[in-house]
Student: 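Once you've had a glance at the structure underneath, I'll fire off some questions.
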Amino acid sequence: MKQRRWDIFCKVIDNYGDIGVCWRLARQLAAEHGLTVRLWVDDLASFQPLCPALDPALSCQSLQGVDIHHWPADFTVPRHDGMADVVIEAFACDLPSDYLIAMAATRTRTGKQPVWINLEYLSAEAWTQGCHGLPSPHPQLPLTKYFFFPGFDVRSGGLLREARLRIERDAWLHTRPPASHPVNLPARPPAPLTISLFCYENPCLPALLQAWAGGDRPVHCLVPQGRALVQAAAALGQPELQPPDRLHCGSLSLQALPFVRQEDYDPLLWRCDVNFVRGEDSFVRALWAGRPLVWQLYPQEGDAHLPKLQAFLDHYLSAPETTLPAPAAAALRRFWQLWNSATHESIATAWQEYAACLPDYAVHAGNWEKQQANQTDLASKLVFFCEKLL
Ligand code: TRH
């Protein structure tokens with residue numbers, strides 16, 4: 001069979017989530033499904049921290065089996081370029097009009113259009129399952145696109161998970177010394193509680209750092225460069241913190257980490273006792289780490305992200321594989337809700353209650369991860385879905 005060609009279009013809105021998902025998906029499609037993948041990205045400079053080998057000055061380059069192209073504002077379909085078999089429009093980023101016209105022309109000429117997918121944001125909300133896979137005809141052009149919703153349920157599009165992820169995680173944890181990671185992660189012990197902290201500016205963060213500093217249990221908090229590190233430095237009275245700075249404040253030892261390439265972020269999550277994550281991709285990676293986690297959602301206008309939080313908590317805490325006693329589930333729900341709210345007064349108490357349940361959360365996270373891994377991963381579901389339409 002002819003090797004299929006897929007085009008993935010990605011616009012960087014802010015942060016790393018859109019390109020994080022697209023880059024991970026593109027690599028997996030090429031490596032595990034033998035597809036020819038072209039990734040079009042409008043902002044290569046924002047992509048580079050996740051993939052330091054990338055040269056943002058090049059309009060076209062090939063890395064890890066993926067052809068990466070700059071998507072300029074004045075995009076025109078490359079001449080002599082046949083249509084891709086599948087086109088992924090990531091997160092409703094709006095395909096270039098020239099590309100849409102070329103797709104429609106193909107349809108008129110051959111009676112067939114490329115499979116056109118709108119890859120949506122991850123959500124556990126019930127309505128997304130109802131919309132997953134639905135067609136949407138273009139209002140003017142003879143084209144149809146299909147909605148593809150990632151999710152946790154078998155009826156959803158699933159979660160990104162490389163075929164070797166769990167094997168590599170277990171091998172790394174069992175055989176490799178912590179020093180083999182570029183960031184030189186601490187061995188366990190010395191820090192009784194090792195926490196990674198990747199979040200947006202958060203009104204609760206200063207009070208939480210104070211709670212850790214004043215607590216009985218030593219906390220070693222690892223903070224990658226970025227927004228959380230800037231806020232943490234200010235909260236601890238420092239003009240700035242840069243890797244490899246390390247700051248001691250009571251029971252808290254806070255260490256600044258470099259922002260590492262995407263593949264090197266996983267071992268950090270595997271190593272820590274609790275992972276604070278955000279957005280979409282780091283959240284999914286923390287779930288696959290099978291360890292306790294705290295999720296800060298990407299804040300949306302009108303608090304539109306809060307139903308998403310609720311839906312995930314309902315799913316996570318009522319999953320059939322749950323082992324959590326009711327008070328532990330309530331403490332988790334309370335802490336996550338506070339972490340996603342503007343209220344910070346009770347965060348110290350909420351943390352104490354949450355931290356007291358960490359052994360339960362560790363068991364639960366491991367069980368949930370094992371159960372979830374029985375489901376087909378997103379890239380495989382996507383390939384299957386598109387092949388049926390081709
Ligand atoms: O960067 P984010 O906040 O992205 C957000 C969300 O995805 C949100 O849903 C979206 O609407 C918005 O962008 C535009 O969080 P996220 O999704 O976790 O992406 C971070 C990526 O960065 C992820 O792929 C992991 C990666 N990463 C590294 O590669 N190295 C690092 O050191 C760290 C801390 C993260």
Student: Between Lys11 and Cys93 (side chain of the first, backbone of the second, donor and acceptor by atom type, cut-off under 3.5 Å), is there such a pair?
Tutor: yes
Student: Apply the test ring pair (Phe, Tyr, Trp, His ring centres under 6.0 Å) to residues Phe312 and His315: give CA-CA distance (whole Å), side-chain angles for both, the deciding distance (0.1 Å), then the verdict.
Tutor: CA-CA 5 Å; Phe312 179 74; His315 156 81; 5.8 Å; yes
Student: Using atom types as modelled and distance alone, determine if a side-chain donor or acceptor of Lys308 lies under 3.5 Å from a backbone N or O of Leu122.
Tutor: yes
Student: Of all the heavy-atom pairs spanning Val21 and Glu280, show the shortest one and how long it is.
Tutor: CG2-OE2, 4.1 Å
Student: Out of the candidates Tyr265, Phe276, Phe283, only one should pair with Phe198 under the side chain to side chain contact (heavy atoms under 4.5 Å, CB included) rule; please name it.
Tutor: Tyr265
Student: Are Leu197 and Val284 co-members of a hydrophobic cluster defined by side-chain heavy atoms under 4.5 Å apart?
Tutor: yes
Student: For a quick check under 3.5 Å, do Arg285 and Asn275 share a side-chain donor-acceptor pair by atom type?
Tutor: no
Student: Minimum heavy-atom separation for Arg278 and Ser282, please, with both atom names.
Tutor: O-OG, 2.7 Å
Student: Using only atom types and a distance under 3.5 Å, with no angle test, would you say the side chain of Arg4 pairs donor to acceptor with the backbone of Val383?
Tutor: no
Student: Would you kindly say whether Asp7 and Tyr99 are connected by a side-chain donor-acceptor distance under 3.5 Å?
Tutor: yes
Student: Please report the closest heavy-atom contact between Leu29 and Val37, naming both atoms and the distance.
Tutor: CB-CG2, 3.9 Å
Student: side-chain contact (heavy atoms from CB on, under 4.5 Å), that's the test. Do Met83 and Met103 meet it? Break it down for me.
Tutor: CA-CA 7 Å; Met83 255 295 132; Met103 271 166 64; 3.7 Å; yes
Student: Calculate, to the nearest 0.5 Å, the distance between atoms CH2 and CD1 belonging to Trp23 and Ile8 respectively.
Tutor: 10.5 Å
Student: Looking at Trp288, does the NZ or CZ of Arg161 lie under 6.0 angstrom from its six-membered ring centre and within 45 degrees of the ring axis?
Tutor: yes
Student: Taking it one step at a time, do Leu293 and Trp336 satisfy side-chain contact (heavy atoms from CB on, under 4.5 Å)?
Tutor: CA-CA 9 Å; Leu293 73 159; Trp336 280 40; 3.8 Å; yes
Student: If you take all heavy atoms of Ala331 and Cys357, which pair is closest and at what distance?
Tutor: CB-SG, 4.4 Å
Student: Looking at Gly158 and Leu378, what are the two nearest heavy atoms and their distance?
Tutor: O-CD1, 3.4 Å
Student: Quiz question: by atom type and distance under 3.5 Å, do the side chains of Gln262 and Arg27 form a donor-acceptor pair?
Tutor: yes
Student: Does the Gln372 side chain pair with the main chain of Phe152, one donor and one acceptor, at a distance under 3.5 Å?
Tutor: yes
Student: Measure the spacing between NE2 of His220 and OG of Ser196 and express it to the nearest 0.5 Å.
Tutor: 11.0 Å
Student: Same cluster or not: Trp6 versus Leu63, using hydrophobic residues (I, L, V, M, F, W, Y) connected whenever any side-chain heavy atoms lie under 4.5 Å apart?
Tutor: yes
Student: Is the backbone N or O of Leu54 less than 3.5 Å from a side-chain atom of Gln61, with the two atoms forming a donor-acceptor pair by type?
Tutor: no
Student: Verify side-chain contact (heavy atoms from CB on, under 4.5 Å) between Leu254 and Cys249, making sure each step is shown before the conclusion.
Tutor: CA-CA 8 Å; Leu254 188 136; Cys249 180; over 6 Å; no
Student: Quick one: does any side-chain atom of Gln231 pair with a main-chain N or O of Asn202 as donor and acceptor, under 3.5 Å?
Tutor: yes
Student: Applying the 4.5 Å side-chain criterion to the ILVMFWY set and letting contacts propagate, would Leu257 and Leu236 be lumped into a single cluster?
Tutor: yes
Student: To the nearest 0.5 angstrom, please state how far the OG atom of Ser346 sits from the CG atom of Leu338.
Tutor: 4.5 Å
Student: Evaluate the ring pair (Phe, Tyr, Trp, His ring centres under 6.0 Å) criterion for residues Phe259 and Tyr16: first the C-alpha distance (whole Å), next the side-chain angles of each, then the deciding distance (0.1 Å), finally the verdict.
Tutor: CA-CA 11 Å; Phe259 193 94; Tyr16 303 111; 4.7 Å; yes
Student: Please determine whether residues Phe9 and Leu44 belong to a single hydrophobic cluster, defined as Ile, Leu, Val, Met, Phe, Trp and Tyr linked transitively by side-chain heavy-atom distances below 4.5 Å.
Tutor: no
Student: Could you walk me through whether Glu32 and Arg164 pass salt bridge (Lys or Arg N to Asp or Glu O under 4.0 Å), step by step?
Tutor: CA-CA 10 Å; Glu32 295 178 16; Arg164 290 192 50 78; over 6 Å; no
Student: With distance as the sole criterion, is a donor-acceptor pair present between the side chains of Gln238 and Asp245 under 3.5 Å?
Tutor: no
Student: Can a side-chain donor-acceptor contact be found between Ser251 and Arg217 if the only test is distance below 3.5 angstrom?
Tutor: no
Student: Ignoring hydrogens and angles, state whether a donor on the side chain of Thr76 or Asp98 is under 3.5 Å from an acceptor on the partner side chain.
Tutor: no
Student: Hey, does the side chain of Arg333 reach the backbone of Leu317 with a donor-acceptor pair shorter than 3.5 angstrom?
Tutor: no
Student: Out of curiosity, Leu209 CG to Trp351 CH2, how far, rounded to the nearest 0.5 Å?
Tutor: 11.0 Å
Student: Using side-chain heavy atoms (C-beta onward) and a distance below 4.5 Å, is Cys272 in contact with Leu222?
Tutor: yes
Student: In Å and rounded to the nearest 0.5 Å, what is the OG to CZ distance from Ser136 to Phe147?
Tutor: 4.0 Å
Student: Does Ser156 form a side chain to side chain donor-acceptor pair (under 3.5 Å) with Asp153? I'd like the steps, not just the answer.
Tutor: CA-CA 5 Å; Ser156 74; Asp153 188 270; 5.8 Å; no
Student: Considering all heavy atoms of both residues, which atom of Leu119 and which atom of Pro150 are nearest to each other, and what is their separation?
Tutor: CD1-CG, 4.2 Å
Student: Under the 3.5 angstrom rule, does the side chain of His305 hit a backbone N or O of Pro299 as a donor-acceptor pair?
Tutor: no
Student: If hydrophobic clusters are built by linking Ile, Leu, Val, Met, Phe, Trp and Tyr wherever their side-chain heavy atoms come under 4.5 Å apart, do Leu95 and Val12 end up in the same one?
Tutor: no
Student: Give a yes or no answer on whether the side chain of His364 reaches the backbone of Asp360 with a donor-acceptor pair at less than 3.5 Å.
Tutor: no
Student: Crowded around Asp216 CG? As in, over 12 foreign heavy atoms under 6.0 Å?
Tutor: no
Student: If I take atom CG from residue Leu205 and atom SG from residue Cys199, how far apart are they, to the nearest 0.5 angstrom?
Tutor: 5.5 Å
Student: Any donor-acceptor pair under 3.5 Å linking the side chain of Glu369 with the backbone of Leu287?
Tutor: no
